[in-house]
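Below: one structure, written as structure tokens.
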Amino acid sequence: MSRVDIDAVVVGAGFAGMYTLHRLLQDNFKVRSFEAGDDVGGTWYWNRYPGARCDVQSMEYSYTFDDDLQQAWEWTERYAPQPEILSYANHVADRYELRPHITFGTRVVSAHYNEESSFWILSTDGGETLTSQFLIMATGCLSSMNTPDFKGIDSFKGETYHTGQWPQEGVDFTGKRVGVIGTGSSGIQSIPIIAEEADHLTVFQRTANFSVPAHNQLLDEEFIEDIKATYPEFRANNRQMMAGFGSRNERHEDSVLDADETLIQERLEANWQRGGLGFLGAFGDIVIKKEANASVAEFVRNKIREQVVDPKVAELLCPDQVIGCKRLCVDTNYYKTFNRDDVSLVDVKEHPIDEITEKGVVTNGKEYQFDAIVFATGYDAMTGSLLKVDIRGRKGQTLQDKWAAGPRTYLGLSTYGFPNMFTISGPGSPSVLTNMIVSIEQHVNWIRDCLMYMRSNQHQAIEAELDAEDYWVVLANDIAGQTLFKSCNSWYLGANVPGKPRVFMPFIGGLPTYAEICDDVAQDNYRGFTVE
Ligand code: N01
């Protein structure tokens with residue numbers, strides 16, 4: 001093969017894929033995108049479960065690259081519901097005329113690097129084969145569903161749903177006996193709403209989770225105008241935050257351990273009343289020191305005890321791990337839902353689910369019978385969607401082999417042995433620990449600049465060096481080791497998927513530091529990369 005069809009293939013048309021497409025088209029790169037779904041939106045296309053909404057506030061969870069766009073779009077709620085985010089994604093696709101460049105309903109099934117010509121040969125499940133100089137994986141971090149391999153799972157005669165692939169037409173649970181398995185963000189958001197509809201809801205909980213109130217509300221005009229009047233400055237301030245959002249939240253850097261009990265309670269109560277992920281900003285060391293974490297975790301447990309009438313149920317809902325170690329959840333009426341007569345909680349920690357039968361779920365010798373089972377069991381996060389594609393780099397090495405002991409990248413953007421391939425918000429980048437859209441923009445802008453550099457210097461291939469990758473893996477691991485993030489079984493560590501290597505996947509050094517390193521690498525002629 002000596003002919004290259006296009007400059008870049010972008011896999012995925014969620015927020016990462018759409019912005020990549022837009023940015024590269026602007027610079028006249030010949031680029032195409034392939035998307036498994038029938039439309040744009042990525043995670044917001046698939047996650048249509050009841051109550052799905054973003055836990056980053058709407059005025060922040062949106063593209064920043066075009067002031068006209070951010071001035072034109074009207075968010076209606078503090079936390080945007082899924083249908084509104086999906087409308088926004090559609091608006092973006094139309095506004096920048098992206099659809100003609102996207103092949104929908106089509107998966108890229110393989111991508112093999114051709115060393116002789118330095119390009120990728122791709123094939124799709126639609127039977128198309130094409131060659132491209134660059135391969136840009138915008139496949140999302142939470143899009144490969146995890147459905148545990150429960151014994152008898154296929155024998156259930158009722159309806160089954162996974163929160164991550166909810167039917168487009170919605171589901172009516174009225175009059176039905178429903179079982180929900182899983183109490184992560186998806187379970188915690190959907191359980192209160194399913195409870196309102198169902199005849200009876202049974203929740204199977206393996207690990208109790210910490211959740212803070214969303215205090216979701218309609219946005220008032222004054223607030224919107226205030227942000228819009230200073231949007232560029234607001235965005236710039238957010239980019240200086242560790243997580244790329246929350247510059248208007250109250251944030252303290254002092255230690256819980258230096259504060260007296262009154263101050264601790266005051267701060268935590270104020271943050272609880274404000275609601276949202278900013279709760280953990282009450283002190284600087286909540287996710288760093290175990291002793292600091294303990295009093296914050298106990299504060300939330302007491303809030304759970306206040307809300308849940310039955311003390312036994314309340315204790316079961318009280319998490320025993322470190323707070324913030326698993327992704328903090330943001331809810332509306334979650335804990336109070338367990339006060340309803342038609343909702344029961346079943347602990348499957350001590351007695352795991354034994355099997356799924358024709359009629360329902362068996363645990364601890366008891367069969368719970370259902371008309372519908374909802375799997376809110378999460379994702380094979382960060383690597384799942386990448387490893388689903390048969391990606392082969394130099395010497396035919398598969399990405400699966402390369403990452404058999406866990407993902408290895410340089411900057412979360414590139415991996416040794418796979419030239420001209422980039423991952424957007426991939427493992428080793430701040431990604432899921434940040435406002436995803438801000439991280440996506442940072443990655444896409446970096447990749448676009450890199451492609452411009454390659455084009456203007458007539459370079460053919462760029463590849464992370466092994467030393468640079470080793471350095472990055474050690475650095476990312478060391479920083480994570482200085483926190484409490486490795487202390488519990490979270491999907492950040494791959495611990496939710498049986499057999500997945502236990503490696504802390506995101507880069508936890510904060511977005512500003514990370515972006516500075518990426519810029520510095522680029523300015524230093526792509527230090528740590530071999531350019532041919
Ligand atoms: O998935 P999860 P999710 N038997 O992995 C349980 C983002 N998100 O879809 O904790 C019994 O968190 C599992 O138990 P355990 C957000 O970043 C954002 O809820 O592993 N239970 C857990 O309770 C979030 O963190 C938003 O012990 C089993 C649950 O299933 C991420 O997506 C909304 C089991 C899975 O929870 C993932 O959230 C939704 C088994 N065999 C999602 N296997 C917002 O923006 C798994 N579980 C608000």
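Scope of the values below: all heavy atoms of this structure, side chains included, with no hydrogens, waters or symmetry mates. Each ligand, and each atom within it, is numbered from 1 in the order the structure gives. Remember, it's a predicted structure, so these values are computed and weren't measured experimentally.
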Verify salt bridge (charged side-chain N to carboxylate O under 4.0 Å, His left out) between Asp371 and Arg177, making sure each step is shown before the conclusion.
CA-CA 5 Å; Asp371 302 303; Arg177 297 161 304 165; 3.0 Å; yes
Report yes if [X] has an N/O atom closer than 3.5 Å to an N/O atom of ligand 1; otherwise report no.
X      : value
Asn489 : no
Gln189 : no
Tyr379 : no

Test of ring centre spacing under 6.0 Å for Trp472 and Phe507:
yes
Using the ring centroid of each side chain, check whether Phe15 and Tyr63 are separated by less than 6.0 Å.
yes
Specify the protein heavy atom at minimum distance from [atom]: its residue, its atom name, and the distance to 0.1 Å.
atom                    : answer
atom 15 (P) of ligand 1 : Thr207 OG1, 3.4 Å
atom 1 (O) of ligand 1  : Gly378 CA, 3.1 Å
atom 36 (O) of ligand 1 : Gly184 CA, 3.5 Å
atom 45 (O) of ligand 1 : Asp55 N, 3.0 Å
atom 8 (N) of ligand 1  : Ser185 CB, 3.9 Å
atom 23 (O) of ligand 1 : Thr183 N, 2.9 Å

Measuring from [atom], which candidate in [options] has the nearest non-hydrogen atom?
atom                    : options                : result
atom 12 (O) of ligand 1 : Tyr492, Trp491, Phe150 : Trp491
atom 14 (O) of ligand 1 : Arg53, Arg206, His162  : Arg206
atom 35 (C) of ligand 1 : Ser490, Cys54, Ala376  : Ala376

List every atom of ligand 1 that sits less than 4.0 Å from any heavy atom of [X], numbering the atoms from 1 in the order shown and giving each element.
X      : value
Gly182 : 6 (C), 23 (O), 29 (C), 30 (O)
Arg327 : 17 (O), 25 (O)
Tyr49  : 33 (C), 39 (C)
Pro148 : 34 (C), 40 (C), 41 (N), 43 (N)

Of the side chain and backbone of [X], name the one, both, or neither that has a heavy atom under 4.0 Å from an atom of ligand 1.
X      : value
Lys326 : side chain
Leu142 : side chain
Ser186 : both

If only atom types and distance count, is the side chain of Trp403 paired as donor or acceptor with the main-chain N or O of Arg408 below 3.5 Å?
yes
ring-ring contact (aromatic ring centres under 6.0 Å, His included) test vs His91 passes for just one of Trp73, Trp75, Tyr96, namely Trp73
Find out whether Phe65 and Val444 are in side-chain contact, i.e. whether some heavy atom of one side chain is under 4.5 Å from a heavy atom of the other.
no
Whether the His252 and Glu250 side chains hold a donor-acceptor pair (N or O, under 3.5 Å, no angle test) is what I'd like checked.
yes
Report, as yes or no, whether the 6.0 Å neighbourhood of atom [atom1] on [X] holds more than 12 heavy atoms from other residues, nucleotides or ligands.
X      : atom1 : value
Gln273 : CD    : yes
Lys388 : NZ    : yes
Lys176 : NZ    : yes

Ring-face cation contact, Tyr45 with Arg48, 6.0 Å cut, 45° max
yes
Parallel, tilted or perpendicular: ring planes of Tyr49 versus Trp166, cut at 30 and 60 degrees:
perpendicular
